[in-house]
Amino acid sequence: MTGLRYVYAVCRPLAAPLQAELTGVAGAPAKLLHHHGLIAVVSDVPERDFAEEPLRAHLEDIDWLAATARGHQQVIDALTAVTTPLPLRLATVFRDDSGVRVMIEEREEVFLRTLDRLQGRVEWGVKVYVEPTGQEGTAGPEAKPASGRDYLRQRRMKARAHEDTWQRAEQFAGRLHSLLSEHADAARLHAPQNSALSRASGQNVLNAAYLVPRAKSEEFVEIVDRTKGEEPGIRVELTGPWAAYSFVEPAASEGTEEGTGNAGSEGTEVGTGNAGGAGDTGGTGEGDA
């Protein structure tokens with residue numbers, strides 16, 4: 001075989017086959033590499049794009065990075081439909097199959113523990129936004145101030161209304177997070193999204209991920225849906241189900257950093273955090289996009 005090995009995820013043997021002709025990064029077919037009772041899901045990718053130096057350059061190219069993230073997430077989504085994958089970081093690359101096998105052997109115990117913890121569970125993302133001022137209950141355009149005093153009064157009223165809405169949103173988000181945490185096996189709070197980067201309207205108050213058993217996902221979704229429209233000027237968004245990107249980290253704290261290829265002769269890794277999902281990195285899982 002030629003080229004490098006791009007690794008999407010590690011999982012146990014599949015109970016059902018992956019979709020036929022599944023392609024991922026750079027349009028390359030996804031393949032299964034079996035080793036020690038685990039599977040690495042990989043693609044062959046060209047050195048001209050994925051060797052260490054060109055890869056680092058490509059990661060500065062937003063269009064290239066977005067296309068790579070879509071291909072990565074396409075494979076993760078297909079895996080999530082048939083098993084519980086342990087997703088690796090975007091741009092985890094090894095020189096050959098041998099490098100992938102060495103990585104599995106070195107991290108086998110932690111991979112197995114993490115897969116046990118995630119088995120049968122998916123990630124749901126919930127965000128709470130304070131809507132833009134024009135949607136916070138104002139009725140029509142404001143009257144033009146007749147004087148400087150009127151102008152200052154309008155400014156004070158606007159500031160007070162925004163502060164009241166923000167306070168309500170924070171209280172609402174706190175209650176919602178507590179409620180959803182009771183219906184999840186684990187929860188993670190991510191930093192609020194930057195609206196300039198996410199392009200979502202409004203200010204993000206809550207950006208959270210929840211690890212939920214598949215069997216209880218319908219109930220979880222219904223709980224979130226019932227909160228939508230509960231508070232004027234506040235928007236609730238639900239995304240998922242995703243692979244459990246936000247819940248791989250506990251295994252890393254045990255001494256292994258999931259999602260990193262071996263540097264040097266074994267492989268190359270230039271991590272960018274979650275490939276998506278709990279985010280959000282948008283459509284690739286949830287997180288702090």
Side-chain angles (χ1 to χ4, degrees), residues 87 114 117-118 120-139 155-253 273-289:
T114 305
R117 179 164 50 81
L118 301 181
R121 295 166 176 82
V122 291
E123 176 174 329
W124 290 92
V126 176
K127 295 181 177 63
V128 174
Y129 295 91
V130 175
E131 295 281 21
T133 304
Q135 300 179 34
E136 291 180 4
T138 58
R155 287 288 299 272
R156 284 196 298 270
M157 289 176 63
K158 281 172 108 175
R160 190 176 301 121
H162 180 76
E163 184 178 342
D164 290 346
T165 301
W166 187 265
Q167 187 174 29
R168 281 192 301 108
E170 287 187 321
Q171 292 171 349
F172 171 81
R175 293 195 305 270
L176 179 60
H177 179 61
S178 296
L179 174 63
L180 296 180
S181 295
E182 293 174 1
H183 290 80
D185 288 350
R188 295 286 182 272
L189 286 172
H190 297 299
Q193 285 186 315
N194 183 323
S195 59
L197 297 177
S198 68
R199 298 182 181 178
S201 64
Q203 293 178 280
N204 186 210
V205 182
L206 176 70
N207 182 14
Y210 302 90
L211 186 67
V212 181
R214 287 181 187 271
K216 296 183 178 180
S217 284
E218 184 175 350
E219 177 187 358
F220 184 87
V221 171
E222 288 176 355
I223 292 170
V224 178
D225 284 345
R226 286 199 296 269
T227 70
K228 294 181 178 180
E230 187 175 303
E231 288 280 353
I234 297 171
R235 185 175 84 257
V236 178
E237 287 188 358
L238 173 71
T239 60
W242 308 104
Y245 285 100
S246 298
F247 301 93
V248 173
E249 281 305 311
S253 69
N274 289 352
D280 197 304
T281 41
T284 50
E286 291 298 304
D288 46 357

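Because only heavy atoms are used, hydrogens play no part in the values below, and waters and symmetry mates are left out as well, while side chains stay in. Values in this document were obtained by computation on a predicted structure and should not be read as measured data.
- Residues Ala169 and Ile234 share a closest heavy-atom pair of CA-CD1, 3.4 Å.
- In plain terms, the two heavy atoms of His190 and Ala209 that are nearest each other are NE2-CB, 3.9 Å.
- Judged as a salt bridge (Lys or Arg N to Asp or Glu O under 4.0 Å), and not counting sequence neighbours, the contacts of Arg175 are Glu231.
- Here the CG-CZ distance, from Leu179 to Phe220, works out to 8.5 Å after rounding to the nearest 0.5 Å.
- Residues Leu206 and Phe172 form no side-chain contact, since every pair of their non-hydrogen atoms from C-beta on lies 4.5 Å or further apart.
- Residues Arg214 and Pro241 form no side-chain contact, since every pair of their non-hydrogen atoms from C-beta on lies 4.5 Å or further apart.
- Using modelled atom types, no side-chain atom of Asn207 and backbone atom of Val126 make a donor-acceptor pair closer than 3.5 Å.
- Nearest heavy atom pair, residue Ala187 against residue His177, reads CB-CE1, 3.9 Å.
- A salt bridge is defined here as a Lys NZ or Arg NE, NH1 or NH2 lying under 4.0 Å from an Asp or Glu carboxylate O, and Glu237 with Lys127 fails to meet this definition.
- The minimum heavy-atom distance between Val248 and Pro87, with the atom names listed, is CG2-CD, 4.2 Å.
- His183 has its side chain out of reach of Tyr210: every pair of non-hydrogen atoms, C-beta onward, lies at least 4.5 Å apart.
- Counting only residues at least two apart or in different chains, salt bridge (charged side-chain N to carboxylate O under 4.0 Å, His left out) contacts with residues 218-230 comprise Asp225-Lys228.
- Contact between Ala244 and Leu211 at its shortest, heavy atoms only, is CB-CD1, 3.7 Å.
- Screening Ile223, Leu238, Val212 for a side-chain contact (heavy atoms from CB on, under 4.5 Å) with Leu180, the sole residue that qualifies is Ile223.
- Checked against side-chain hydrogen bond (donor to acceptor under 3.5 Å, both in side chains), Ser217 has the following partners two or more places apart in sequence or in another chain: Trp124.
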